Structure formats: C-alpha cells, structure tokens
Engineer: 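Attaching a single structure in structure tokens format; questions to follow.
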Amino acid sequence: MWRCWSSNQEERAAIQADRNIEKMIRDDRKRLRLERRFYMIGEENSGMTTLFRQIRIIHGEGHSDQDRGGFTKNVFQNLFTAMQALTNAMTTLNIPYANPENQLYSQWIQDVKPQQVSTLEARHADAIRRLWSDAGIRACYSRRREFKLLDSTEYYMDDLDRIAAPGYIPTDQDILRAKTSLRGLEECAFDMGQHCFSRIYRYTPVTRRSILHRVIVSVDFLLFVASLSQYDQFESSDDFENLLRMNLNLFKLIINNRLYRSMPVILFLNKKDILAEKIQTSHLQTYFPEFTGKQGDAEAAMDFIRGLFQSIVIAEGRLVCVHFTCALDPGNIRQAFCDIKDNVLAYVVPRVNEGPQCWGGGGTELS
C-alpha cells in the first residue's frame with residue numbers, strides 16, 4: 001500500500017515537472033517571436049558608446065557600484081589624455097602660457113602615460129588644475145576644432161575637485177562621458193511593453209574596415225549613429241578627409257550591403273548640442289559649399305545634414321527613421337526611444353509576416 005502511494009506521488013511530480021518545462025518552452029518561444037533585435041553601429045566618436053550607456057541606464061539594468069568603480073580609472077585617464085592634447089596643441093598652434101611656470105606643469109603631465117593611470121595623485125591634480133586655469137590653455141581650448149580633443153574635456157576639468165576627492169565614485173554623467181578603449185560586441189536587453197522585448201547589440205570596431213566584416217545575424221533593425229558636430233573636423237591623415245563625409249560614406253556602405261538592404265534603419269544624428277554651440281562661430285558653408293542656410297542657424301544646419309543622409313537612401317520604399325539626439329540628455333533619449341517603441345509595436349507586432357510599412361511617431365521618415 002505504501003509503495004503504491006509513493007509511486008503515484010512520484011508519477012504526479014514527474015508529470016508536473018514535464019508540464020512546467022513545456023510551459024517554459026512555450027513562454028520562451030513566445031518571447032523570442034516578440035523580441036526585436038537592433039544592431040547599433042557607427043564611426044568612432046559618433047557618441048555611440050554614450051548612447052548605448054544611456055539606453056542601459058534608462059531601460060536596462062543600469063550600473064552597479066562595482067561597475068561604477070571600474071570607470072574610475074577611465075575618468076582619470078581621460079583627464080590626462082585631454083590635458084596632454086591641450087598642451088601638445090599649445091606647441092603646435094604656437095600659443096604661449098599666460099603663466100610661464102605652467103610650462104613645468106605641462107611637462108609633468110606629458111611624462112605620464114595615460115593608459116597606465118589608475119589613481120590621481122594630488123600633485124598631478126594640482127598640475128591639471130593650474131594648467132586649466134591658464135589663459136593660454138583656455139585660448140587653445142577655444143580652437144579645439146583644429147585638433148583632436150575629448151568632448152568631455154570641459155566637463156571633467158570643471159569638476160576636477162570632485163573627481164580628485166578621496167573615495168571618488170563616478171556618477172552616471174561621469175560614466176556617460178568617459179571614453180574607454182573597449183572594442184567588440186556588447187548587448188543590452190529591455191522590456192518595450194505589450195509583451196515586446198528588445199535586445200540591442202553594439203559593435204565598436206577595432207578599425208573602420210572591420211565594421212563591414214563584423215556581421216550580426218538575425219537582427220530586425222539597424223541603428224546607425226552619426227555625429228552632427230563633425231562637419232568641421234578632419235581625419236588625421238595625409239588626405240584630411242572630412243569626418244562627416246566619412247560618416248556619410250559608411251552609412252552608404254552599410255544600408256546598401258546585401259545583408260541589410262531590406263532592413264529598416266533608425267538613424268541617430270547625434271551631438272546636436274555640440275553642433276548648436278559650434279555653429280555660431282564655425283560656418284557650415286566653409287566645409288559644405290552647397291549649404292545655403294544662414295550662418296549660425298543650427299536648425300538649418302541639422303536639416304541640411306539630414307538631407308545629405310536622405311540623398312543616400314536609394315532603395316525605393318526603404319524605411320529610415322531619423323532622430324536628432326544628444327546622448328547625454330536622458331530626457332531626449334527617453335523620448336526618442338518612446339517614439340521608436342511605438343513604431344516597433346505598430347510596425348512589427350501586427351505585421352510579423354508582412355513587408356516594410358511607413359513609420360509614424362516622432363522620428364522623421366526618409367523614404
């Protein structure tokens with residue numbers, strides 16, 4: 001009698017376990033059917049890394065205390081990299097220091113290898129502070145479009161006292177602005193609502209050529225990031241290729257690649273805040289003679305650059321949705337992804353087996 005009862009109990013438990021496994025399989029299949037995958041790609045210094053981190057903060061798991069601590073040395077390294085770029089440019093541009101003593105502090109900073117920095121010594125923090133307050137360095141900074149300089153330079157320099165304090169832990173803004181040497185593939189998953197999930201893959205190439213050699217299969221959307229502010233910047237090579245034109249060329253190669261030719265594209269024209277600032281003194285027409293807008297008109301400049309990308313979309317009926325973004329602004333990115341979410345739900349979920357349709361929402365459709 002006891003053996004019979006025990007056997008029945010084990011059989012019922014086994015049946016229930018089988019049912020649980022079957023339910024998990026059904027749920028996983030349902031989730032995969034509703035999961036939409038984005039492949040984020042773009043040139044270096046487009047702000048793609050910042051954008052990816054912002055998405056992770058807003059929609060993903062954010063950064064743990066351990067993650068934040070891991071960015072501390074990156075912030076310190078960025079401080080040295082930025083100040084070395086400035087002091088090198090002082091020589092190149094033949095700008096004298098307002099305080100001749102700062103020439104010595106400049107040499108101290110030049111002697112440091114940024115990639116080996118893990119702490120910020122008081123003497124180095126003091127040297128960076130003295131240099132940043134020098135009128136010559138500030139004059140050099142005002143000419144930053146003439147040389148390569150981290151976008152985060154002013155932010156970190158102005159917050160040097162906080163960063164140099166004992167026990168410093170980077171904030172979200174510090175992390176967003178930190179430039180790292182990480183390369184390769186990363187991913188971030190989040191819930192888009194209405195049982196639809198998203199997974200974003202971001203690929204940071206080792207070289208420009210490797211962008212096209214890295215293929216991500218089974219993705220639903222391309223998310224291309226380009227910098228608006230690079231219209232007056234050039235590659236450091238003998239041909240001095242304009243960086244915005246390099247973005248345009250890469251965009252053309254990507255969207256006309258046979259693997260992505262029929263795939264919807266989301267275009268983030270990023271760093272609109274930097275463009276709005278520099279367009280006041282750096283005329284777009286100097287670098288793109290075909291621009292006929294007014295000097296200092298940021299909206300006209302943005303519309304013109306959007307038109308340059310629009311002219312590349314040659315496939316009839318190709319779906320490209322454009323958003324002007326500032327990756328450092330969580331409200332802006334939150335709104336952009338709210339529009340994207342509405343588009344994905346409206347475009348994909350009811351039409352899983354249909355071809356491309358027109359998007360609505362807050363983005364600008366190019367077709």
Side-chain angles (χ1 to χ4, degrees), residues 39-52 81 85 89 143-152 179-185 202-216 222-261 263 265-279 282-291 298 301-315 318 320 322-327 366:
Y39 182 24
M40 180 184 290
I41 195 167
E43 286 275 16
E44 187 178 9
N45 297 321
S46 65
M48 180 175 62
T49 300
T50 304
L51 179 62
F52 184 83
T81 298
R143 297 174 60 181
R144 57 192 177 278
R145 69 178 179 84
E146 299 178 42
F147 58 97
K148 284 191 174 182
L149 185 66
L150 298 178
D151 291 337
S152 59
K179 185 173 180 60
T180 65
S181 58
L182 293 176
R183 292 291 183 271
L185 188 66
R202 177 184 75 94
Y203 177 57
T204 303
V206 177
T207 64
R208 292 187 67 238
R209 178 171 293 184
S210 67
I211 292 178
L212 294 175
H213 291 174
R214 178 72 180 192
V215 176
I216 305 295
L222 280 173
L223 205 167
F224 190 90
V225 186
S227 171
L228 289 162
S229 67
Q230 290 184 327
Y231 71 88
D232 64 352
Q233 294 176 273
F234 294 84
E235 179 72 357
S236 296
S237 60
D238 292 338
D239 58 0
F240 293 103
E241 187 175 1
N242 181 276
L243 293 183
L244 178 56
R245 294 194 188 278
M246 288 174 63
N247 274 273
L248 289 163
N249 291 337
L250 177 62
F251 182 68
K252 182 176 182 178
L253 287 172
I254 292 293
I255 69 167
N256 290 316
N257 186 288
R258 62 182 180 81
L259 295 172
Y260 307 124
R261 195 170 292 155
M263 192 175 295
V265 178
I266 301 166
L267 174 61
F268 276 170
L269 295 179
N270 194 38
K271 300 190 180 183
K272 66 176 186 177
D273 54 324
I274 299 178
L275 176 136
E277 176 188 349
K278 68 162 50 177
I279 204 71
S282 177
H283 193 14
L284 180 59
Q285 193 177 60
T286 303
Y287 308 94
F288 290 82
E290 59 270 39
F291 175 66
M302 290 163 60
D303 287 342
F304 171 79
I305 294 173
R306 177 177 58 192
L308 294 177
F309 283 92
Q310 182 175 7
S311 66
I312 293 171
V313 183
I314 58 175
R318 185 64 184 270
V320 179
V322 181
H323 291 270
F324 294 110
T325 58
C326 169
L366 307 181

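FYI, side chains are in, hydrogens and waters are out, and symmetry mates aren't considered; it's all heavy atoms of this structure. Here the structure is a predicted model, which is why all the values come from computation and not from measurement.
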Engineer: Which residues pass the side chain to side chain donor-acceptor pair (under 3.5 Å) test with Arg245, not counting sequence neighbours?
Structural biologist: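 For Arg245, no residue satisfies side chain to side chain donor-acceptor pair (under 3.5 Å) once neighbours in sequence are set aside.
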
Engineer: Who pairs with Arg145 by salt bridge (charged side-chain N to carboxylate O under 4.0 Å, His left out), at least two apart in sequence or on another chain?
Structural biologist: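 In terms of salt bridge (charged side-chain N to carboxylate O under 4.0 Å, His left out), with neighbours along the sequence ignored, Arg145 is linked to no residue.
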
Engineer: Would you give the length of the straight line joining atom CG of Leu222 to atom CD1 of Ile255, rounded to the nearest 0.5 angstrom?
Structural biologist: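 Answer for the CG-CD1 pair, Leu222 versus Ile255, is 9.5 Å.
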
Engineer: Quick one: salt bridge (charged side-chain N to carboxylate O under 4.0 Å, His left out) partners of Lys271, sequence neighbours excluded?
Structural biologist: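 Salt bridge (charged side-chain N to carboxylate O under 4.0 Å, His left out) check on Lys271 returns Asp151.
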
Engineer: Taking atom CG of Leu228 and atom CE of Met302, what is their separation to the nearest 0.5 Å?
Structural biologist: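 Separation between the atoms: 6.0 Å.
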
Engineer: List the atom of Leu51, the atom of Met40, and the distance in Å for their closest heavy-atom pair.
Structural biologist: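 Closest approach of Leu51 to Met40, heavy atoms only: CD2-CE, 4.0 Å.
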
Engineer: Regarding Gln230 and Asn247, do their side chains bring together a donor and an acceptor under 3.5 Å, going by distance alone?
Structural biologist: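 Yes, Asn247 and Gln230 have a side-chain donor paired with an acceptor closer than 3.5 Å.
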
Engineer: Checking Ser46 now: which residues fulfil side chain to side chain donor-acceptor pair (under 3.5 Å) with it, not counting sequence neighbours?
Structural biologist: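 Ser46 satisfies side chain to side chain donor-acceptor pair (under 3.5 Å) with no other residue.
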
Engineer: Look up atom CG in Leu244 and atom CG in Asn249, then write down how far apart they are to the nearest 0.5 Å.
Structural biologist: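 Nearest 0.5 Å value for the CG-CG distance: 9.5 Å.
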
Engineer: So which heavy atom on Ala226 is nearest to which on Phe309, and how close?
Structural biologist: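 Result for this residue pair: CB-CZ, 3.6 Å.
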
Engineer: Could you pull out all residues at least two apart from Ala298 that satisfy side-chain contact (heavy atoms from CB on, under 4.5 Å)?
Structural biologist: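 Residues passing side-chain contact (heavy atoms from CB on, under 4.5 Å) with Ala298: Leu275, Ala276, Ile279.
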
Engineer: Who passes side chain to side chain donor-acceptor pair (under 3.5 Å) against Thr325, sequence neighbours left out?
Structural biologist: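 In terms of side chain to side chain donor-acceptor pair (under 3.5 Å), with neighbours along the sequence ignored, Thr325 is linked to Asn270.
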
Engineer: Any side-chain heavy-atom pair from Phe251 and Val265 closer than 4.5 angstrom?
Structural biologist: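 The answer is yes, as the side chains (C-beta and beyond) meet within the 4.5 Å cut-off.
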
Engineer: Here's a test for you: under side-chain contact (heavy atoms from CB on, under 4.5 Å), which of Leu250, Leu243, Val225 qualifies with Glu43?
Structural biologist: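 The option that passes is Leu250.
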
Engineer: Taking atom CZ of Phe291 and atom OG1 of Thr286, what is their separation to the nearest 0.5 Å?
Structural biologist: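 These two atoms lie 10.5 Å from each other.
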
Engineer: With sequence neighbours excluded, what pairs up with Tyr231 under the ring pair (Phe, Tyr, Trp, His ring centres under 6.0 Å) test?
Structural biologist: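 Applying ring pair (Phe, Tyr, Trp, His ring centres under 6.0 Å) to Tyr231 gives none.
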
Engineer: To the nearest 0.5 Å, how far apart are NZ in Lys148 and OG1 in Thr81?
Structural biologist: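 Interatomic distance, Lys148 NZ to Thr81 OG1, rounded to 0.5 Å: 13.0 Å.
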
Engineer: Is there a side-chain contact between Lys179 and Asn45 in this structure, where contact means two heavy atoms from C-beta onward sitting under 4.5 Å apart?
Structural biologist: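 Sidechains of Asn45 and Lys179: in contact.
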
Engineer: Which residues pass the side chain to side chain donor-acceptor pair (under 3.5 Å) test with Gln285, not counting sequence neighbours?
Structural biologist: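 Partners of Gln285 under the side chain to side chain donor-acceptor pair (under 3.5 Å) test: none.
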
Engineer: Can you label the angle between the Phe288 ring and the Phe304 ring as parallel, tilted or perpendicular, going by 30° and 60°?
Structural biologist: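 Rings of Phe288 and Phe304: perpendicular, as their planes differ by over 60°.
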
Engineer: By salt bridge (charged side-chain N to carboxylate O under 4.0 Å, His left out), which residues pair with Asp232, not counting sequence neighbours?
Structural biologist: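 Once residues adjacent in sequence are excluded, the partners of Asp232 under the salt bridge (charged side-chain N to carboxylate O under 4.0 Å, His left out) criterion are Lys278.
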
Engineer: What is the distance from atom NZ of Lys272 to atom CD1 of Ile274, rounded to the nearest 0.5 Å?
Structural biologist: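 Reported value, rounded in 0.5 Å steps: 12.5 Å.
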
